[in-house]
Amino acid sequence: MVRKAKTFAQVSDTLGAHMDEDSLLDAFAEGDGLVTNTAFSGLELAYEDAGETTFDTVLFRSCTFDGVDFSGCTFRDVRFRGCRFVRCTMDRAWLNRMDFQDCSAPGLSLVQARLASVALSSCDLSYANVSETSIDQLFARDTRFVEAALQRARLKRVVFDGCDLTRIDVFGTPLSGIDVSTCAFAAPVLSADYRELRGAKVSAEQAVTLAELLGVIAEE
């Protein structure tokens, strides 16, 4: 049975292109430009500075961003579908009602960003840096966070469904109430007293493995 991807962005998949690449770059040059009510397909940007642009009701299809700096940008009702992010940063960005679907973004930097109502479906965020973020309502399904950094983050209403969280670094980030029982959750990076795990929801198999961190040996 195919599971329908969860979405938060209030943007139609049939949205047309009402802005071209030159107009987009002009908005970047303004420093606080506005990109709204438009779709981009097959866009390829390299080493551009988005200049704290606001993206409002925008659809990106099969676009490639290489070395693009989205630091301080605002994304509201934005969907990225089948896009690639290479060496990109969204530090201090504000992501509100935003979807990433079938996207590749290894190493994406989201340090000190604010995320509210963000959905990730079948994406790769391995080695991403999501440290010191404030997250309120994140739904991640079938997404890779292998060796991603999630240090000193504030998590609220976060769901991981079938994700790969292998060697995720959650130092200083409480996982209380977070359910990782359907995920690969091995060798997480934790503080010396493992306090991040208190209140986390794990499977029986995961509990045995994590108990070994505490020096507990389960008898068969």
Audit row: L175, R195, side-chain contact (heavy atoms from CB on, under 4.5 Å) steps and yes/no = CA-CA 9 Å; L175 298 180; R195 62 183 180 274; over 6 Å; no

Between S131 and L110, is any pair of side-chain heavy atoms under 4.5 Å apart?
-> no

Minimum heavy-atom distance F85-P106, with the two atoms named | O-CD, 4.0 Å

Is the centre of the F70 ring less than 6.0 Å from the centre of the F65 ring?
-> yes

I would like to know whether V180 and L165 meet side-chain contact (heavy atoms from CB on, under 4.5 Å); could you show each step before the answer?
-> CA-CA 8 Å; V180 298; L165 309 179; 3.7 Å; yes

Counting distance only, does the side-chain N/O of D77 pair as donor-acceptor with the main-chain N or O of Q10 below 3.5 Å?
-> yes

SG-CZ distance between C103 and R84, expressed to the nearest 0.5 angstrom | 11.0 Å

Mind listing the closest non-hydrogen atom pair of M19 and L34 along with its distance?
-> CE-O, 4.2 Å

With no hydrogens and no angle check, is any side-chain donor or acceptor of T53 less than 3.5 Å from a backbone partner on A50?
-> yes

With hydrophobic residues grouped by side-chain heavy-atom distances under 4.5 Å, do L15 and L24 end up in a single group?
-> no

side-chain contact (heavy atoms from CB on, under 4.5 Å) evaluation trace for L150 with L155 | CA-CA 10 Å; L150 192 63; L155 308 183; 4.2 Å; yes

Apply the test side-chain contact (heavy atoms from CB on, under 4.5 Å) to residues L138 and L120: give CA-CA distance (whole Å), side-chain angles for both, the deciding distance (0.1 Å), then the verdict.
-> CA-CA 8 Å; L138 170 74; L120 298 155; 3.9 Å; yes

Write down the atom of C183, the atom of Q206, and the distance for their closest heavy-atom approach.
-> O-NE2, 2.8 Å

Are L115 and M98 connected in the hydrophobic side-chain network, where two residues link if heavy atoms are under 4.5 Å apart?
-> yes

Should D13 and R81 count as an ion pair when the cut-off is N to O under 4.0 Å?
-> yes

Heavy-atom side-chain contact between V58 and V11 under 4.5 Å | no

To the nearest 0.5 angstrom, please state how far the CZ atom of R152 sits from the CD atom of Q112.
-> 10.0 Å

Using atom types as modelled and distance alone, determine if a side-chain donor or acceptor of E147 lies under 3.5 Å from a backbone N or O of A128.
-> no

Which atom of T7 lies closest to which atom of A119, heavy atoms considered | CA-CB, 4.4 Å

Distance-only side-chain donor-acceptor flag, E196 / S191, under 3.5 Å | yes

Does any donor atom in the side chain of D91 or S109 lie under 3.5 Å from an acceptor atom in the other side chain?
-> yes

Taking atom CZ of R87 as the centre, report whether more than 12 heavy atoms of other residues, nucleotides or ligands fall under 6.0 Å from it.
-> yes

Check whether any side-chain heavy atom of S126 sits under 4.5 Å from a side-chain heavy atom of F145, and report yes or no.
-> no

Counting distance only, does the side-chain N/O of T182 pair as donor-acceptor with the main-chain N or O of G162 below 3.5 Å?
-> yes

Measure the acute angle between the ring planes of F40 and F60, then classify it against the limits of 30° and 60° as parallel, tilted or perpendicular.
-> parallel

Got a second to check how far S41's OG is from L59's CG, nearest 0.5 Å?
-> 7.0 Å

Less than 4.5 Å apart, any side-chain heavy atom of Y47 and any of D66?
-> yes

Under 3.5 Å, is there a donor-acceptor pair between the Q137 and S117 side chains?
-> yes

Close side-chain approach of L25 to L45, heavy-atom, < 4.5 Å = yes

So, does T173 use its side chain to make a donor-acceptor pair with the main chain of A153 at under 3.5 Å?
-> yes

Do the non-hydrogen side-chain atoms of L190 and V170 ever get within less than 4.5 Å of each other?
-> yes

What are the two closest heavy atoms between D102 and C123, and how far apart are they?
-> N-SG, 3.8 Å

Pair D99 + R79: basic N to acidic O under 4.0 Å = yes

Can you tell me if D26 and S23 form a side-chain donor-acceptor pair at under 3.5 Å?
-> no

Check: H18 main-chain N/O paired with T38 side-chain donor or acceptor under 3.5 Å = yes

How many angstroms lie between CZ in R154 and CZ in R114, if you round to the nearest 0.5 Å?
-> 10.0 Å

Flag the pair L210 / L197 as yes when at least one side-chain heavy-atom distance between them is below 4.5 Å, and no otherwise.
-> yes

Hey, are the side chains of F160 and F185 touching, using non-hydrogen atoms and a 4.5 Å cut-off?
-> no

Could you state the interatomic distance from OG (S122) to CZ (R144), rounded to the nearest 0.5 Å?
-> 12.5 Å

Should we say atom CZ of R76 is surrounded by more than 12 heavy atoms from elsewhere, each under 6.0 Å from it?
-> no

N/O donor-acceptor pair under 3.5 Å between S71 side chain and D69 backbone | no

Among the clusters formed by ILVMFWY side chains lying less than 4.5 Å apart, do F100 and L43 turn up in the same one?
-> yes

D56 and T54 side chains, donor-acceptor separation under 3.5 Å = no

Mind checking whether V78 and L95 sit in one hydrophobic cluster, side chains of I, L, V, M, F, W, Y counted as touching below 4.5 Å?
-> yes

Would V202 end up clustered with I178 when hydrophobic side chains under 4.5 Å apart are linked, directly or stepwise?
-> yes

For atom CZ of R157, decide whether the heavy atoms of other residues, nucleotides or ligands shown that lie under 6.0 angstrom number more than 12.
-> yes

Closest approach of M90 and F75, non-hydrogen atoms and distance?
-> CE-CZ, 4.1 Å

